[in-house]
Number of protein chains: 4
Amino acid sequence: MHHGNRHGRSEEARRSVLEAADDLLVERGFAKLTIEGIAQRAGVAKQTVYRWWSSKTEILLEAFVEDAAEELTPPDTGDLERDYREHLRRLARFLTESDAGAVFRALTAEAQHDPALAARLRAVHLDRQRERDRLPLERAIERGGLSAGADLDALVDRLVGPIYYRALVTGQEVTDGYVAELVRTIRV
Amino acid sequence: MHHGNRHGRSEEARRSVLEAADDLLVERGFAKLTIEGIAQRAGVAKQTVYRWWSSKTEILLEAFVEDAAEELTPPDTGDLERDYREHLRRLARFLTESDAGAVFRALTAEAQHDPALAARLRAVHLDRQRERDRLPLERAIERGGLSAGADLDALVDRLVGPIYYRALVTGQEVTDGYVAELVRTIRV
Amino acid sequence: MHHGNRHGRSEEARRSVLEAADDLLVERGFAKLTIEGIAQRAGVAKQTVYRWWSSKTEILLEAFVEDAAEELTPPDTGDLERDYREHLRRLARFLTESDAGAVFRALTAEAQHDPALAARLRAVHLDRQRERDRLPLERAIERGGLSAGADLDALVDRLVGPIYYRALVTGQEVTDGYVAELVRTIRV
Amino acid sequence: MHHGNRHGRSEEARRSVLEAADDLLVERGFAKLTIEGIAQRAGVAKQTVYRWWSSKTEILLEAFVEDAAEELTPPDTGDLERDYREHLRRLARFLTESDAGAVFRALTAEAQHDPALAARLRAVHLDRQRERDRLPLERAIERGGLSAGADLDALVDRLVGPIYYRALVTGQEVTDGYVAELVRTIRV
DNA sequence: TCTTAAGCGAGACGGTACGTCGCGTCTTGGC
DNA sequence: GCCAAGACGCGACGTACCGTCTCGCTTAAGA
């Protein structure tokens, strides 16, 4: 086995770091997550971490993109409201219960006082997620079940916004009934 | 001027600390906000800070409650939609542009990985704010302009949720048109 | 027990550091002597070392002055040559065999590329030692056994110079016979 | 120009390293002399340095032997004292003012806590230098101007010892008068 | 009036983590 | 087979804050 050479970095070290960061975030929380600790858990030199990442949020971002981004694609049942009921339930569960959701919340939290991170987070995840979020609406327009003139952006916001709000701000539970009522408002 | 006495804390020191914390948060951001720095800026001994607060978020929470909580009361014009248009516009501005909003975002961010802080934040601000947020709806019901059976909680979420979502997550601008369309959905 | 307050540093920490430095120099040698290691062995925070000393040589210098400087006072038997035979033998043993001598050699070594240290070393030790080195000559002049016009500085150099030369440069042994012949040259 | 071949080491790389080491020692001092820095300045891979030398002192030793060892041969005027006056003056100047002397002081300094280096330094330089140092004495004996029974080793020590002592330990200046008086003591 | 105890500014303390530098080892592809 | 390049694990550097502590002061209540 070798460690690093001129033709690029050690993939092994890279994976170790991402996994260690993920594990430690879930185990100890963001505040107690340190680069020193990540390096130690990963069995890697601290310098190796600093060589490839500039901060612990960069590591989390890469880890997040790597293993979690594709989870949240809405289903395609041919029924607009049914698709969103399922999708929003999954979104709520992702935000409040999953490990990947914990990483996402940590990143979103840091992005509040780090505009560069906010931009990166949008670029690598949020923009793509937004496209996935609107898929059922686009399919409904294709099927003719929804007016083509609708402001999809605003409509998506009205669906996912309250979910994020409850998950990130008020901490209120997102019940099936809550989701169902939310989805019913699409018919405007 | 005096420092200390045997009957209670120095109000002067308390104010200095809160102001220093507020200023430094806006100047340097949450990550560079340190208790050591707050104490120095406030001209106060570190021990004095630790005597009365347990963390920098506790200080920010007290500062936030002290100077900002009352800003976000919706107007009462007798017109439901007009009240919310104004209220949501103010909410968006508060979240994205004001100093107090920066403190709120920092606290909400920290609350993502600190359940105790999340609970405190709800207790001292969010619950009360929620009551203020629903005032126009309650007045509309009293006026008979809205069905008494409506689920006000869910309705409030559908109004403020998208605002928080844009301000805290996607960073998209909240335009007057966006607010107007959002408010129009109340009539369901 | 207390650690530090506004009325000066902890004497306990100071002693621990000096002893740890002394011990570690003898155990591991100068190259493997680290401030991190000294702090750990002394049971002291690294910052406490840096607060009071600027380098490991500063620590060694203080330790050296504290426990070793007074060892090398020549005896006073009333016999000039006898006094120097004894003194030079002790000097050789100090330089090549004692722990304090090891510290002295380390400091002299560092002083080769650190003029500030060289000056400090002279100020706190060498100048005083030089005065002790010439005592037998001065007593001999008082007794009338030596011409008052002699260049004492040069004479002292001719006595101690070869001892330092063998101890620090060539590593040749300093035998009793060598010392005896050296001392015999005083009668010029 | 070529880099590497299958028939032995690159003389070009060797020279670059020795020159870089010499230059950097004089420019930055021994403490700031690093193998990493030498390799970079020499335009050579770190591995190439490690392939041929085991430490920075080994490099300096080779550099020292290469360019400086022959400077200190005493003149041969046929006059014992005159030869030594000139030789000791040159020795003092070498030790305190020349670049090669800086390298020598650095090596002697390191040799204080590195017996292997001390032995190497003697083997490659000091022993030979000692032979050069005694040449005038040997010539004087041949000429009959000095008793054949004299202890030449001790005599040489009494001449060069004080010079090294002043140069390496006390830092006092070595004046022409000082040298002259020292040389006068040969006639014992 | 005089003691006395609580709060104060100050700052040293034992720690942990920071981000950087240099160590000595390694692997690679080119010559 | 040596070379330039450079990533790697490692360990120490010197710094910044952490949260705790002791100190001498000021002050006001109560003995």
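Chain A is the first sequence line, chain B the second, and so forth, proteins listed ahead of strands; every chain is numbered from 1. These numbers come from the heavy atoms of this one structure, side chains and all, not from hydrogens, waters or symmetry mates.
Residue Trp53(D) is classed as having no contact, given no heavy-atom separation below 4.0 Å to the nucleic acid.
Take the nearest nucleotide of DNA chain F for Ser55(B) and for Thr48(A): the residue whose nucleotide is more 5' is Thr48(A). Each of Arg51(B) and Glu11(C) lies near DNA chain E, and the nucleotide nearest Arg51(B) is the one positioned closer to the 5' end.
Within a 6.0 Å sphere centred on CZ of Arg51(A), other residues, nucleotides and ligands contribute more than 12 heavy atoms. In Arg122(C), the CZ atom is crowded: over 12 heavy atoms of neighbouring residues, nucleotides or ligands sit closer than 6.0 Å.
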> What string of B, S and - do you get for nucleotides 10-17 of chain F, 5' to 3', if B is base contact, S is sugar-phosphate-only contact and - is no contact with any protein heavy atom under 4.0 Å?
Replying inline: B-SBBBBS
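The side chain of Trp52(B) lies closest to dC8(E) when the candidates are dC8(E), dA12(E), dG14(E).
With rounding to whole Å, Ile38(C) atom CD1 is found 15 Å from dG14(E) atom P. Atom CZ of Arg9(C) and atom P of dC13(E) are 7 Å apart (whole Å). The nearest whole Å value for the distance from the CD atom in Glu12(D) to the P atom in dA4(F) is 8 Å. As a whole-Å value, the separation of Arg14(D) CZ from dC2(F) P is 16 Å.
With Trp52(C) as the aromatic partner, Arg15(C) does not meet the cation-pi criteria of under 6.0 angstrom to the ring centre and within 45 degrees of the ring axis.
Between His113(A) and Phe30(B), the ring planes lie parallel to each other; the angle is under 30°, not in the 30° to 60° tilted range.
When the options Glu27(C), Glu19(C), Glu36(C) are evaluated for a salt bridge (Lys or Arg N to Asp or Glu O under 4.0 Å) with Arg41(C), the one that passes is Glu27(C).
The salt bridge (charged side-chain N to carboxylate O under 4.0 Å, His left out) test applied to Arg14(B) returns Glu11(B), Glu62(B), Glu66(B), not counting sequence neighbours.
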